[in-house]
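Here is the structure we will look at.
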2 protein chains.
Amino acid sequence: MTSIDLTAPEAATPKLGRKRDHTRDPEILAAALDVLAETGYDRMTIDMVAARAKAGKATLYRRWASKAELVIDAVACMKNADIDMANLPDTGTLRGDLVASIKSHSIEDGDRKIHVMAGLMSMISCDPGLADAVQSAIVEPRAAVNRTLLQRAIDRGEIPADCDVENLSLLVTSMAMYRTMVQRKTANREFLISVIDGLLLPAVGLRP
Amino acid sequence: MTSIDLTAPEAATPKLGRKRDHTRDPEILAAALDVLAETGYDRMTIDMVAARAKAGKATLYRRWASKAELVIDAVACMKNADIDMANLPDTGTLRGDLVASIKSHSIEDGDRKIHVMAGLMSMISCDPGLADAVQSAIVEPRAAVNRTLLQRAIDRGEIPADCDVENLSLLVTSMAMYRTMVQRKTANREFLISVIDGLLLPAVGLRP
DNA sequence: TATATCCGAAACTGCAACGTTTCGGATATA
DNA sequence: TATATCCGAAACGTTGCAGTTTCGGATATA
C-alpha cells in the first residue's frame, strides 16, 4: 500500500542483482503532488507524473499498483513538510506567535496544500481512506499549531478561557481555503494578517 | 450557450409540427446539479443526468452542445434559488438578522451549493467562464446578504464602523465550506450558530 | 385527420487514458 | 567478470465516456 511496505524484504528474495533505488521515491511523489495541484486528480495522468519526474511509466507501476495508491502515498508523505510542533514560536503574545508562524515558506507550503486539496475534492468523497490521509497529513497539523498557540494564550491569561478554541483554530485556514479555491486569489501574507487582525484577535477580545 | 439562447426563434424556422418542450429544461438542469453534487464533474456522465431526468441522452444534446455547457447553464440557473435580497430579515439586532437568515431551507440549499462547488473544483481552474458563473451564482449572493446585514448594524451604531466587513461577510460561508468539504461533517443549524456566536459576534465586540 | 417535429431508447463511432508489456542499455552484486 | 535486476522509452490492448445517429412512437399544429 505505502512506499514503506515496498521496502520490506520478501520471504524468498534472491540476493543477486541490482536492488531497487528507493532514493528516487520522494522525487516521484513530489512530482505527483505537483501534477495533482495543477490539474486535479481526474485530469492527472500517470504519464504526466512520469514525465515530470523524468522517469518511465513502468517505473511508477513497479512501485505503486495504481494511480490511486500513488496519490494516497504522495499525500501521506507530505505530512509535516513545514510544521514543527516541537519548536513553535513563543513570543509572549498571541499575535506575536501567530504572525511568527507565518513564514514565507509556510505560506507557499500552505498554498500548495490547498491546491492539492482542491485537486482531490472530487475523489475525496469516494475514497474514505483518502479523506483520512488528507485529514491527518494536511488539515490536522495546521489546526494543531493554532490550537496550541490559543491554549497558551488562555493559560497565560491573555484571552478568556471560554473562547471557542475549536472554531478559532480553523478560522485562518478556512478563510485561506475560501480565498484560494473560490475567489481565485492568493492567500498571501497581507491577507493572512488581515484575517488575524480583523477577525481572530477581535474575536478573542484583543485589539491589534 | 445558455438555455435562454436556445429559446430564441431562428430566422427561417418552419412553423409546422411540434415545438420543443422547454418546460422540462429546469428538471434536466436540476438533475445535472444533483449528479454534479454527488459525483463531481469528471465522474459525472451525460447518461447519469439523462437517467436522473428520465430523458434520453439525445434530448440533452439537442439542447446543450456539450457536457461543459450543460454544467455552466445549470450553475447559472441556480442563481438566487433561496436568497431574496429585497426581503431580508430586519429584527433590529445583528444577531437576530443573522439567525433569521438561517432558515432550514437555506441550510439545505447552502449545503447543496457547497457540494456543487466541490464537484466543480477540479474543473474551475481550467475554465474561467465557469469560475465566473460560480462566483456570481453561488458565492456572491450569500456574501451580499451578510454584507448588507453588517452594514445595517454599522448604520444603527450597533457595531463599530471600522470593522472588517469584507472578511466578516465571508466568515460563515468559509467555515461552512471547510466543515463540509474537509471535515466531511454537515454544516447544520447548530454549527452555523456556533460560528456566529463564537466568532462573528465576538469579532465585532458583541456578546451573544 | 395529416404531417412535421418532437420524444426516449439504444446502438454506434472515436478518442483518450489506464494499466501492461517488451525492448535495449545501464549498473550494482557476487 | 558474469549475472540478475534495475532503468527509461515506447508500443499495445482494454475500458469508459463524449458525442452522433437511428429507430418507433407520441403529440402539437394546420
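Order of the sequence lines fixes the chain letters, A, B, ..., with proteins taken first and strands second; residue numbering starts at 1 for each chain.
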- Query: What integer distance in Å separates B:Asp25:CG from C:dC7:C1'?
  - Reply: 13 Å
- Polar side-chain contact B:Lys57-C:dG8 base: donor and acceptor under 3.5 Å: no
- Message: Regarding D:dG16, can its base be found pairing with the side chain of B:Arg43 as donor and acceptor, where the two atoms are less than 3.5 Å apart?
- Response: no
- Message: Given D:dG19, D:dA10, C:dA10, identify the nucleotide with an atom nearest to the side chain of B:Ala58.
- Response: C:dA10
- Task: Nearest-nucleotide wise, let me know which of B:Thr59 and A:Ile46 is further upstream toward the 5' end of DNA chain C.
- Result: B:Thr59
- Task: Report which part of the nucleic acid B:Met44 touches: base, sugar-phosphate, or nothing (heavy-atom distance under 4.0 Å, all strands).
- Result: sugar-phosphate
- Item | Nearest-Å distance for atom pair OH/P, residues B:Tyr61 and C:dC7 | 16 Å
- Query: Above 12 or not: heavy atoms from other molecules or residues under 6.0 Å from CZ of B:Arg112?
  - Reply: yes
- Query: For DNA chain C, whose closest nucleotide is more 5', that of A:Ala65 or that of B:Lys54?
  - Reply: B:Lys54
- Among the candidates D:dG19, C:dG8, C:dC7, find the nucleotide nearest to the side-chain atoms of B:Lys67. D:dG19
- For the atom pair CE (A:Met44) and NZ (A:Lys67), what is the distance rounded to the nearest 0.5 Å? 6.5 Å
- Quick one: B:Met48 CE to D:dA18 C1', roughly how many Å, whole number? 13 Å
- Query: Considering only C:dC18, D:dA18, D:dC7, which nucleotide approaches the side chain of A:Thr45 most closely?
  - Reply: C:dC18
- In whole Å, what is the span from the CG atom of A:Asp21 to the P atom of D:dA4? 21 Å
- Can you check salt bridge (charged side-chain N to carboxylate O under 4.0 Å, His left out) on A:Arg147 and A:Glu140, steps first, answer last? CA-CA 10 Å; A:Arg147 211 177 289 124; A:Glu140 182 52 28; 3.2 Å; yes
- Query: Considering only side-chain heavy atoms of A:Arg24, which listed nucleotide, D:dG8, D:dA11, C:dG8, is closest?
  - Reply: D:dG8
- Note on the structure: Of the listed D:dC7, D:dT22, C:dC18, the closest approach to the B:Arg62 side chain comes from D:dT22
- Item | Atom CZ of B:Arg152 with >12 non-hydrogen neighbours under 6.0 angstrom | yes
